[in-house]
There are 4 protein chains.
Amino acid sequence: MPPAPLRADAARNRERVLAAARAAVIAGDASLPLNEIARRAGVGVGTVYRHFPTRQALLEAVTDEPLALLLAEVRAAAADPDPGGGFARLVRAAGRIEIDNVGFAEVLTGDDPAAAATAAKRAELIAVAERVLERARAAGVVRADVTAGDVQRLVCGIGHAARLGGADPHERAELYTELLLAGLRP
Amino acid sequence: MPPAPLRADAARNRERVLAAARAAVIAGDASLPLNEIARRAGVGVGTVYRHFPTRQALLEAVTDEPLALLLAEVRAAAADPDPGGGFARLVRAAGRIEIDNVGFAEVLTGDDPAAAATAAKRAELIAVAERVLERARAAGVVRADVTAGDVQRLVCGIGHAARLGGADPHERAELYTELLLAGLRP
Amino acid sequence: MPPAPLRADAARNRERVLAAARAAVIAGDASLPLNEIARRAGVGVGTVYRHFPTRQALLEAVTDEPLALLLAEVRAAAADPDPGGGFARLVRAAGRIEIDNVGFAEVLTGDDPAAAATAAKRAELIAVAERVLERARAAGVVRADVTAGDVQRLVCGIGHAARLGGADPHERAELYTELLLAGLRP
Amino acid sequence: MPPAPLRADAARNRERVLAAARAAVIAGDASLPLNEIARRAGVGVGTVYRHFPTRQALLEAVTDEPLALLLAEVRAAAADPDPGGGFARLVRAAGRIEIDNVGFAEVLTGDDPAAAATAAKRAELIAVAERVLERARAAGVVRADVTAGDVQRLVCGIGHAARLGGADPHERAELYTELLLAGLRP
DNA sequence: AATGAATGAGCCTTCATTCAT
DNA sequence: AATGAATGAAGGCTCATTCAT
């Protein structure tokens, strides 16, 4: 059966929890106690558990929005007539999204996406990204010895690096992304 | 006064604890409970606390050897007559060491090195690395908009990235390092 | 808002913990581990912490009942038409209550009452007691060089003294209280 | 055999430990870790244990000097031709000594004096004090319903009371002692 | 469905005490 | 005799998770 449409109040609660978790994750505190997330969301712990049976499930849900965003970008990249431009666009978008969503990398590269929906999105993401890379490679604008998985990991790495310094990581992330793109050329 | 030579048995215990911690860190489990480290080392918890009053102190001790190693490399890099070659050597060495010592990055980029010795080594490391970069920049073989801090962070990021995939990260790390070096050229 | 009426079962647990703590305190073991109090109360440690975030909070709660009792007495004393009689009544009541509630003195004379309610009661207690003493002094039935604080401390001291011997401290406390009253006369 | 005369250095160590413990006790920190006492004394923990097998033994040793002092006073009191004056002198001395030696009361009224020497002194102290009280009672200058034990306890209580307030307890102790003496009159 | 009280395992840390050096 | 390293029991506290209301 399709996942029963949530009652209005249930949906609102779910959203609140999600918002609290998102805020925590963005603030870099991805290990915030569930008790505390519940408190900030203004709901009981039980409610958190009802909507998200495991912490992993919650993190995935948090990552769901950026994942959709990235999916859109990768599709747009695949549709770009310029293979090199499309690839660059993809990498830049991934970098931007990664830097704004701390847990993102873990879910994307982690092993067990509990939720089927996430798994599906992830699979598509990877498949399309692979095509984008393939095309760029064929056009001779990207090194041949680099896989889609490498690119994905490198984007994560760059996000990690950008976050290591103090203050605003965005500027750093931008620079690092350009470095990465330069390094990826043949 | 010099830090009083340890008694033979004390030194052995210290080494055991260190070995257990090192193993844990290499295995990627840098947050292993001190209890557990003590158990694996075959000593009481108290002994761990005696030798390393804080977890940070223990991590620093674990990182001490690779830090010394890297320090030697950076000195050698500074002595290399070829600025570009010296710089590349430094980055490659840093990459290799980082990949073999998970906690390394954190201690290197973290804020408060409890132990004075670590602080000193770290300071020298950074100073010399800065000179190496400066020289490479002056020789026109490295982009001008990249600081020593950036390089340090990027090496960490690359280590992180290499570790994200399954199995042997070494090969990946090597590739990523070359990408980084390529990206750093003007 | 009023402190939300506790759920029936929560209230029962709170009471059990309180009872266990009270028993321990009366038995003179005011430093009983919270672990042990939890065990005796038949609840988990967490429950103790939920109801009383700190040991101090628990002690204050334990002392709350006798504090209320004493407050009633001191008010009655203030209302007594006979200044000397009122004062004596106050001292005797304080002695009796002190002897039955070991931690009482510490909370009363200690510095930081965590709970606002305790602080308020304490303040009123002291204020009214001061008036009782004042009146007695004015009537010439109490030495002029003794402050309310002194009386408070002396009552604690007498409780302490009464508890030092073996067996039943009550009888001793009574005698010591009379000695104190005699000594306080001009 | 008589307790083998200590070697000079052993005696010095013993004295150092004693001094450290005394200082801690006077500072009101009678529960200072033995490790810490050893450190302050500049000796190893083992040395503390050698000289004082139990914490109780150490406390008794700390109390030994004031005990001797009090013993002298009580003898002097017994020798005083004036029964009332002798008694008052005894109480005042006890008060003064008690206020300067926090652990004193506990050792004096506690149950198990591990050291035989302490036990002996204590016994004599009590015996002589009893005679002083007896004489005062016979002279009609002290209430008849008060035992030597009571007086001892009351002095402890007064010390306790004096220490409850902030800052300098000496002044308070003096006042409280006079109150006690007044209260003890028939 | 929601709540939040209760639970208890588990980690952290301290310190009395022992014992090899 | 002295030392201080080692030990481990004990207590403090947190937090994921369950479940009665």
Side-chain angles (χ1 to χ4, degrees), chain A residues 4 6-14 16-17 31-39 41-51 53-55, chain B residues 4 6-14 16-17 31-39 41-51 53-55, chain C residues 4 6-14 16-17 31-39 41-51 53-55, chain D residues 4 6-14 16-17 31-39 41-51 53-55:
Chain A
L6 284 181
R7 256 169 44 184
D9 57 342
R12 202 188 51 239
N13 275 340
R14 188 178 190 283
R16 278 196 198 167
V17 171
S31 71
L32 200 70
L34 290 195
N35 275 324
E36 182 57 18
I37 289 182
R39 203 188 55 72
V43 305
V45 229
T47 305
V48 174
Y49 274 89
R50 165 168 296 271
H51 290 294
T54 69
R55 168 178 288 271
Chain B
L6 283 182
R7 247 166 51 181
D9 57 342
R12 201 187 50 241
N13 274 338
R14 187 177 191 282
R16 277 195 198 167
V17 171
S31 70
L32 200 70
L34 292 194
N35 275 331
E36 181 58 18
I37 289 181
R39 205 189 53 73
V43 304
V45 229
T47 302
V48 174
Y49 275 90
R50 164 174 292 271
H51 289 294
T54 67
R55 169 179 292 272
Chain C
L6 283 182
R7 250 168 48 184
D9 56 341
R12 200 187 53 240
N13 273 338
R14 187 176 191 283
R16 278 197 200 165
V17 171
S31 70
L32 199 69
L34 292 195
N35 277 331
E36 182 57 18
I37 289 181
R39 205 189 54 73
V43 304
V45 227
T47 302
V48 174
Y49 277 91
R50 163 174 292 272
H51 290 293
T54 66
R55 168 179 293 274
Chain D
L6 285 180
R7 258 169 43 182
D9 56 343
R12 201 187 51 238
N13 275 340
R14 188 177 191 283
R16 278 195 198 169
V17 171
S31 70
L32 200 71
L34 289 196
N35 275 323
E36 183 58 19
I37 289 181
R39 204 189 53 73
V43 305
V45 229
T47 305
V48 174
Y49 274 88
R50 164 168 296 271
H51 290 293
T54 69
R55 168 178 288 271

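Within every chain, numbering begins at 1; the chains are lettered A, B, ... in the order of the sequence lines, protein sequences first and strands thereafter. As the structure is a computational prediction, the values presented were derived from the model and not from experiment.
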- Note on the structure: Each nucleotide of nucleotides 9-15 of chain F classed B (base within 4.0 Å of a protein heavy atom), S (only sugar-phosphate) or -, in 5' to 3' order, makes --BBBBS
- Message: So, using side-chain contact (heavy atoms from CB on, under 4.5 Å) as the criterion, who are the partners of B:R12 when residues are at least two apart?
- Response: B:D9, B:R16
- Message: Nearest whole Å is fine: how far is E:dA2 C1' from A:R14 CZ?
- Response: 16 Å
- Task: Output yes when a side-chain donor or acceptor of A:R50 lies under 3.5 Å from a complementary backbone atom of A:R14, and no otherwise.
- Result: no
- Task: Round to the nearest Å and state the distance from D:R12 atom CZ to F:dA1 atom P.
- Result: 14 Å
- Query: What are the two closest heavy atoms between A:N13 and A:H51, and how far apart are they?
  - Reply: CB-NE2, 4.2 Å
- Message: Output the rounded distance in Å from CZ (D:R39) to P (E:dC15).
- Response: 13 Å
- Query: If you round to the nearest 0.5 Å, how far is CD1 of C:I37 from OG1 of C:T47?
  - Reply: 13.5 Å
- Query: So does C:N13 get a side-chain nitrogen or oxygen closer than 4.0 Å to the phosphate oxygens (OP1/OP2) of E:dA6?
  - Reply: yes
- Short side-chain N/O contact to F:dA2 OP1/OP2 from D:H51, under 4.0 Å: yes
- Message: For C:R55 versus C:L32, what's the shortest heavy-atom pair and its separation?
- Response: NH2-O, 2.8 Å
- Query: If you pin C:D9 and B:D9 to their nearest nucleotides in DNA chain E, which one's is more 5'?
  - Reply: C:D9
- Query: Starting at CZ of A:R50 and ending at C1' of E:dG4, how long is that distance when rounded to a whole Å?
  - Reply: 14 Å
- Message: According to side-chain hydrogen bond (donor to acceptor under 3.5 Å, both in side chains), who are the partners of C:N35, at least two apart in sequence or on a separate chain?
- Response: none
- Name the stems with DNA chain F in them: runs of three or more consecutive Watson-Crick or G-U pairs, distances under 3.5 Å? E:2-21 with F:2-21
- Message: Can you list everything that forms a side-chain contact (heavy atoms from CB on, under 4.5 Å) with A:V48? Sequence neighbours excluded, please.
- Response: A:V17, A:A38, A:V43
- How would you list, by chain and number, every residue that makes a salt bridge (Lys or Arg N to Asp or Glu O under 4.0 Å) with D:R39, sequence neighbours excluded? D:E36
